[in-house]
Amino acid sequence: MTNIAIDGPAGAGKSTIAKKVAKALSFIYVDTGAMYRAMALYLYRNGIAADDADKIAAACGGAAISIEYRDGEQVVLLGEENVNPYLRTQEVSAMASRSSAVPQVRTRLVQLQQELAASQNVVMDGRDIGTVVLPNAQVKIYLTASVEVRAKRRFLELTEKGESAVLEEIAAEIADRDHRDMTREVSPLKQAEDAVLVDTSDMTIDEVTQRILDIVKEKTGIVQAHNN
Ligand code: DC
């Protein structure tokens, strides 16, 4: 199987790019953040407090999380229920940020991710894919952009939806989250030694996608199967 790992901080454009690369290569896109979010939803529904690491560790084994692909989209199931519509709320984001630091949560989800990658060609994005989940991935990309650029992208996204936003506040939140992701004890966000750094600050989505397809070709000889 061919595995492509894409890691990087929040807001670097990982999921947008990973989806496009997967489509171009006819690979499966695996969004690991959605799995951490599904686990967070399960914990939240069970009334567990985000700061209670012991309860999270004890409860996480009960979450029956699985992944299916419907019309090319990743669907996350909790038991039989498609929970995709509930994964992006503020409560779930806040819980995921805490519960993803609990080792028992990571052990379970990393196993599921490794199983997915063992049986099909995948583009998988997250924080620890190149370092922990798929250390033998044929292609590893570390996607980043400056805090200013990521804040501006998020600001535009929100204001285009008609929501109010303050650029400086968004930038401070992003810097804060980077710090938390990079300094946590278990599987902190860091560039794998053999990952290629792609700084998207001054690149368009299409340019980044093409750059990664070029790297894939160089490392594996695999070329684009589809035009986007
Ligand atoms: O990428 P995202 O915002 O959907 O991720 C949700 C949360 O899960 C976020 O707090 C980071 C965490 N996460 C992680 O710890 N490891 C991963 N491989 C993916 C996400």
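The analysis underlying the following values was restricted to heavy atoms, covering all of them including side chains, and did not include hydrogens, waters or symmetry mates. Start at 1 and go down the list; that is how both ligands and their atoms are numbered. Bear in mind that the values here come from a model prediction, so they are computed numbers and not experimental data.
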Engineer: Check which hydrophobic residues are tied to Y29 through side-chain heavy-atom contacts below 4.5 Å, counting indirect links as well, and list them.
Structural biologist: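 Members alongside Y29: none; it stands by itself.
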
Engineer: NZ of K20 to CG of L25: how many Å apart, nearest 0.5 Å?
Structural biologist: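 Going from the NZ atom of K20 to the CG atom of L25 covers 13.0 Å.
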
Engineer: Should R127 and D7 count as an ion pair when the cut-off is N to O under 4.0 Å?
Structural biologist: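 No, no charged N to carboxylate O under 4.0 Å.
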
Engineer: Output yes when the distance from some N or O of ligand 1 to some N or O of D181 is under 3.5 Å, and no in every other case.
Structural biologist: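 In fact, backbone or side chain, D181 has no N or O that close.
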
Engineer: Does R150 make a cation-pi contact with F155 (under 6.0 Å, within 45 degrees of the axis)?
Structural biologist: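 Output no; distance or angle outside limits.
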
Engineer: Could you check atom 8 (O) of ligand 1 against the protein and tell me its nearest heavy-atom contact, residue, atom and distance included?
Structural biologist: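 Closest protein heavy atom to atom 8 (O) of ligand 1: Y36 CB, 3.4 Å.
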
Engineer: Using the rule side chain to side chain contact (heavy atoms under 4.5 Å, CB included), only one of D31, T2, V21 pairs with V123; which is it?
Structural biologist: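 Exactly one pass, corresponding to V21.
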
Engineer: Could you work out the complete set of other residues in the hydrophobic cluster of L189, with links drawn between I, L, V, M, F, W and Y side chains under 4.5 Å apart?
Structural biologist: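 Hydrophobic cluster check, L189: joined to Y142, M182, L197.
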
Engineer: Any sub-3.5 Å donor-acceptor pair from Q191's side-chain atoms to A195's backbone N or O?
Structural biologist: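 Yes, because the side chain of Q191 sits within donor-acceptor range (under 3.5 Å) of the backbone of A195.
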
Engineer: Between R106 and ligand 1, which part of the residue brings a heavy atom under 4.0 Å of the ligand: side chain, backbone, both or neither?
Structural biologist: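 It is the side chain that gets close, since no backbone atom is under 4.0 Å.
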
Engineer: Taking 4.0 angstrom as the limit and counting only heavy atoms of T32, give me the atoms of ligand 1 inside it, by number and element.
Structural biologist: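 The list of qualifying atoms is 17 (C), 18 (N), 19 (C).
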
Engineer: Run the numbers for me: atoms of ligand 1, each under 4.0 Å from some heavy atom of R177, listed by number.
Structural biologist: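 Heavy-atom distances to R177 below 4.0 Å select 3 (O).
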
Engineer: Among protein heavy atoms, which lies nearest atom 6 (C) of ligand 1, and at what distance?
Structural biologist: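 Checked against all protein heavy atoms, atom 6 (C) of ligand 1 sits closest to R37 NE, 3.6 Å.
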
Engineer: Out of all atoms in ligand 1, which are within 4.0 Å of some heavy atom of S97? Include the element for each.
Structural biologist: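 Per the distance check, 10 (O).
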
Engineer: For atom 1 (O) of ligand 1, what is the nearest protein heavy atom, given as residue, atom name and distance?
Structural biologist: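 Residue, atom and distance for the closest contact: R127 NH1, 3.1 Å.
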
Engineer: Pull out every atom of ligand 1 sitting under 4.0 Å from any heavy atom of S100, numbered as shown with elements.
Structural biologist: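 That gives atoms 12 (C), 15 (O) of ligand 1.
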
Engineer: Could you grab the distance from atom CG of N82 to atom CG of L87, nearest 0.5 Å is fine?
Structural biologist: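 N82 CG to L87 CG: 8.5 Å, rounded to 0.5 Å.
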
Engineer: Starting from atom 7 (C) of ligand 1, find the nearest protein heavy-atom neighbour and note its residue, name and distance.
Structural biologist: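 So the nearest neighbour among protein heavy atoms is A96 CB, 3.9 Å.
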
Engineer: To the nearest 0.1 Å, how far is atom 5 (O) of ligand 1 from its closest protein heavy atom, and which atom is that?
Structural biologist: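 For this ligand atom, the closest protein heavy atom is G33 CA, 3.6 Å.
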
Engineer: Does ligand 1 have a heavy atom under 4.0 Å from the side chain of R184, from its backbone, from both, or from neither?
Structural biologist: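 Only the side chain of R184 comes within reach of ligand 1.
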
Engineer: Could you list the atoms of ligand 1 found under 4.0 angstrom from a heavy atom of G126?
Structural biologist: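 Going through ligand 1 atom by atom, the ones under 4.0 Å from G126 are 18 (N), 19 (C).
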
Engineer: Does I4 share a hydrophobic cluster with Y69, counting links as ILVMFWY side-chain heavy atoms below 4.5 Å and allowing steps through other members?
Structural biologist: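 In one cluster: no.
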
